[in-house]
Amino acid sequence: MMKENQSIKVSLKNISKLFGDVKAVEKINLDFAPGTMTTLLGPSGCGKTTLLRIIAGLEIPSSGNILFNDKDVTKLSVTNRDVGMVFQSYALFPHMNVRKNIGYGLKIVGISEEAISEIVAEVLKTVGLTGYEERYPDEMSGGQQQRVAVARALVLKPKILLFDEPLSNIDSKLRRTMREDIRRLQQESGVTSIYVTHDQSEALAVSDEVVVMNLGKIELQRDPEALYRQPKNSFVANFIGDANILEGKLVSENGRHSVLLGGFRVNSNSIPSNLDSNHVKVAIRSEAIRLDENQSDNCLECEVIWRAYIGSAFEYTLKSSIGNIFAVIPSSEKHFTIGDKAYISVSDIGVSVLEN
Amino acid sequence: MDSIQDIPINKKIGFDERKMGLVNHRFFPIIGILSFFFFPWYGLEYGIFDSTSDELLEAFAWQSINLSIVPLTIFILFLLHPWQFIPQKQGIFLSVIALIIGILIVFIGSEILNESLGLGAAVQVLVLSLMVSTGAAQLGFLRRDAFMSGAIMFIVVLVLLFIFYPLTKIFIQMFYTMDDQFVPLQFFEVITSPGVGRIVWNTLLMAVSVGFSTTFFGLIFAIYSVRSTSKLRSLIKVFYILPIITPPFVVGISLILIFGRAGSINDFLSFLFGTGGIFIPEGVQGFFHASSYIYGFPGIFLAQTLAFTPVSYMVLVGMVTAINPALEEASLTMRASRWITFRNVTLPLLRPGIAVSFLLGVMSSAADFGNPLILGGEYDVLSTEIYFAIAGAQLDFGRGAALGLLLLFISLSVFLIQKKWVGTTSYVTVTGIQTAGNVIPLPNFLQKILSVIVVLWVTLVGVLYVSIFAGGFVKSWGADNTFTLAHHIELWGNGITSGGWPSLLNSITFSLVAAPLTGITGVLIAYVLTRKKFIGKGFIDFGTALIFAIPGTVVGIAYILAFNEAPIELTGTAFILVVTMVIRSIPVGIRGGMSALSQIDPSLEEASLIQKAGSFKTIRFVILPLLRPAIISSISYSFIRSMTTVSAVIFLATAGTSVATTYILDRADNGDYGVSIAFGSVLILTMLFFTLLTQYIVGRSRTERQVKIKQ
């Protein structure tokens, strides 16, 4: 649709923002590659929204620079920054219909009324809302309003697209289709986009790269799969997916590394260097765990102390000699009940050794 | 055909640097120079329209060497733009400093030389101020938003000129006696002089009592109108409007009619005692025969309670509506009865509202002027005492100033207590969690008691209003009850230039001019205070707080002191009356604006900015349409408030600029109750008409939207 648009690179250099004494973000250095969708992910208060608003120009950083394609835009006002933004509350003007909402910016830059109508019709087609021109926001569902908001953000051909938790107010069933639409639109238009959310599965699903933030700092920045497989520290491991974090000893045999947890051994393909071999932390994904009623040569004995049925799987809490372990086992596998004895084994791909 | 691909996105939008520079170097200086030639620099004693051509000519700046040289030089300098050779930031900074110094020279110079400034000077100072604000924006103030910078400058000038300058004058006046002797301790002499202690005590006692009574009744009516299941509820909605559209002292006059020496009650009672043959004990007879029980504390108390309960009602009704019913339902599920729930859950939740309403009642009572004037008798309070210090033969401005500051101090303290204690609930929003109609009804016995109180109240108010309207048609209430049209004929029947017409038309004209000014300025101030952060915001905050807290009489005396002499002479003009009306009614505009703004999602403005609209366009296309109901209602309230205001204008109205309220008060002072009450009833009808007109206009604009949806 808009491939002619030059995708731009966004760089943040040493961005800090203080609200009074509170350090919302601290010395952030971040590059966003052209044409990609990057998600800022983290819990409430981690600074992701502040960072997004700084990029938009809605907040001024206390120190640091923002560069669009190596041009310093730190002092540029939000009106002149050529960004598009989709808000959590949609921010559609309630006293204007869809055509006026989307055409708002076009009218400001001086496009004629007929041209506006054509452009609005075209962009409504893109978001799947043909014919909605005369509707008012309070006559549309949340999902429809959000689509209008996305259309409005796109219509001025922004250099970057910003999404501030756009799906938080949408029913969970609708979220999946909406995030697919957003991702598709972003890929077709090729606009560099930055997405903020606290929902980790959403982050993994839409992004080329995920930046995990905590307390105003960046914890980790990598593509979704690498992020999931190698969380690198316990914060990320806990935040993304469910992980069991256990302590053990690092042992090496014939160049292969494994971690001893009590009498139980788990393998990992990646081991960070500079680790104290006697105390290493290991994250084991809850879906990497297998339960068997029979022993095998490398297994951990446990007892089921709690279980919950979630349709596609059973969630088990298992008591073992090295602590409580949380496992998610597909319903197609053997069922266990509370009190049962079982044996845990772990597949390598779900194990990663943490740096701290 | 334009398509998305062809949109020229590289347009720089907004009031950008280059444009700002041009405005400051060319546009403004040219306007300044033009006004130097075309507007008279000096103030004219009789105004522009009534001066002779000689007087007019003499007033122009180019007739003599005077202070106008300063702004003229500045404008010429800007046109020549000599600092394009210095680094830009320094150049702008220097020019802003030069501008500010220029403004100060004009003011302080005129003060020292005792010269009165006129229209030309005003325009030039305005231009200089806008140049300051544009320059400040260029330096980065408010994120380079020249429009907002100008708006804030405008507010600052307003606050400085019409709040701080007059207050400074009062403060200085405190130290000077009637014959201009400097007596540094005069303030203390006045404070400790005999009688002042009693007057202060009177004022405080009355204020606190009225605080209690208005809160008590306001609470009753608020709870009743929201929670009771009785059909009487709608009565309250009608009756609480009435005191708002009534000049406060008209209620006082009607109280005299009913309860005064020649009043109906006494008539009725003498009928009872005299010929009715009903046995009444000696003491009680004696009490009623004293017949002046309505004067003094009881009368003022009753009049102020009647007048100010509606304000308390409005504060509390919002809070009662906003109570989350889930809290009371939770209490009921824990086996508490409705009464226990009411006492332990509902009432404590209302505490902030009760506190606010109490403090508002105290402030309103302390500031009230009309009722104590008419009903005071021997009971002196500060507001009337200030008036007597100046209006009577004394002309003791020193005393008036000292007492005025004392009253201001009391009022400001109460206001600040309210702000600290209750915080932002001083403007109550009615957006509670939507209850979907699940209102917990009142305990039965409470509902019955409240019904009785409501009925009694409504009856009393009803009787008073009947007397207000009937009184205009009666020769001499109590003494000679024959029907007569004489009062109304005297007021309205002798041609449009005599009787009541001049003052009524003045009132309407001034109020119609003041109302939209109040609406716009109030919303602007509310916007700037809620949405923007900038250096100097605290100053505007404080200035606004002062506007909220200043009693009317203090405004009156301050304005006389400030604007009766050079450099700014405005007394006797319509302009100063309009300004007074704006200042007196702007607090409601600000409160309403803040309340309405708190319901508008800030991301709407952010979305507008992102869509390339500058702050002016954002306000015009997004904020104003959404604030329209609040603006209309504050314009309407301002109109009513301006029509009924008396405590400030009584100092400033002259024969030529008399208004309805001063006319009524004058006649009532003379004892012509018939005429004054006749005028009062017409005034009430006028405002009722305008109120209904506003409701109609607001109602229509709403239904337009509904119709669109149905299509």
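Each chain gets a letter, A, B and so on, in the order its sequence line appears, and its residues count up from 1.
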Asks: Given heavy-atom pairs under 4.5 angstrom as the criterion, report whether the side chain, backbone, both or neither of A:F93 touches chain B.
Replies: both
Asks: Answer yes or no for A:R152 and A:Y90: cation-pi contact, defined as NZ/CZ to six-membered ring centre under 6.0 Å and angle to ring axis within 45°.
Replies: no
Asks: With respect to chain B, which residue among A:G84, A:G57, A:A153, A:A56 yields the maximal number of heavy-atom pairs within a distance under 4.5 Å?
Replies: A:G57
Asks: Which region of B:L604, side chain (C-beta onward) or backbone (N, CA, C, O), has a non-hydrogen atom less than 4.5 Å from a non-hydrogen atom of chain A, or is it both or neither?
Replies: both
Asks: Less than 4.5 Å apart, any side-chain heavy atom of A:Y104 and any of A:L156?
Replies: no
Asks: What part of B:S608 gets closer than 4.5 Å to chain A, counting heavy atoms only: side chain, backbone, both or neither?
Replies: both
Asks: Can you confirm whether A:I160 sits close enough to A:F68 that some side-chain heavy atom of one is under 4.5 Å from a side-chain heavy atom of the other?
Replies: yes
Asks: If you draw the axis of the six-membered ring of A:Y132, does the NZ or CZ of A:R135 fall within 45° of it and under 6.0 Å from the ring centre?
Replies: yes
Asks: So for A:L92, is it side chain, backbone, both, or neither that comes closer than 4.5 Å to the heavy atoms of chain B?
Replies: backbone
Asks: Any donor-acceptor pair under 3.5 Å linking the side chain of A:Q145 with the backbone of A:P137?
Replies: yes
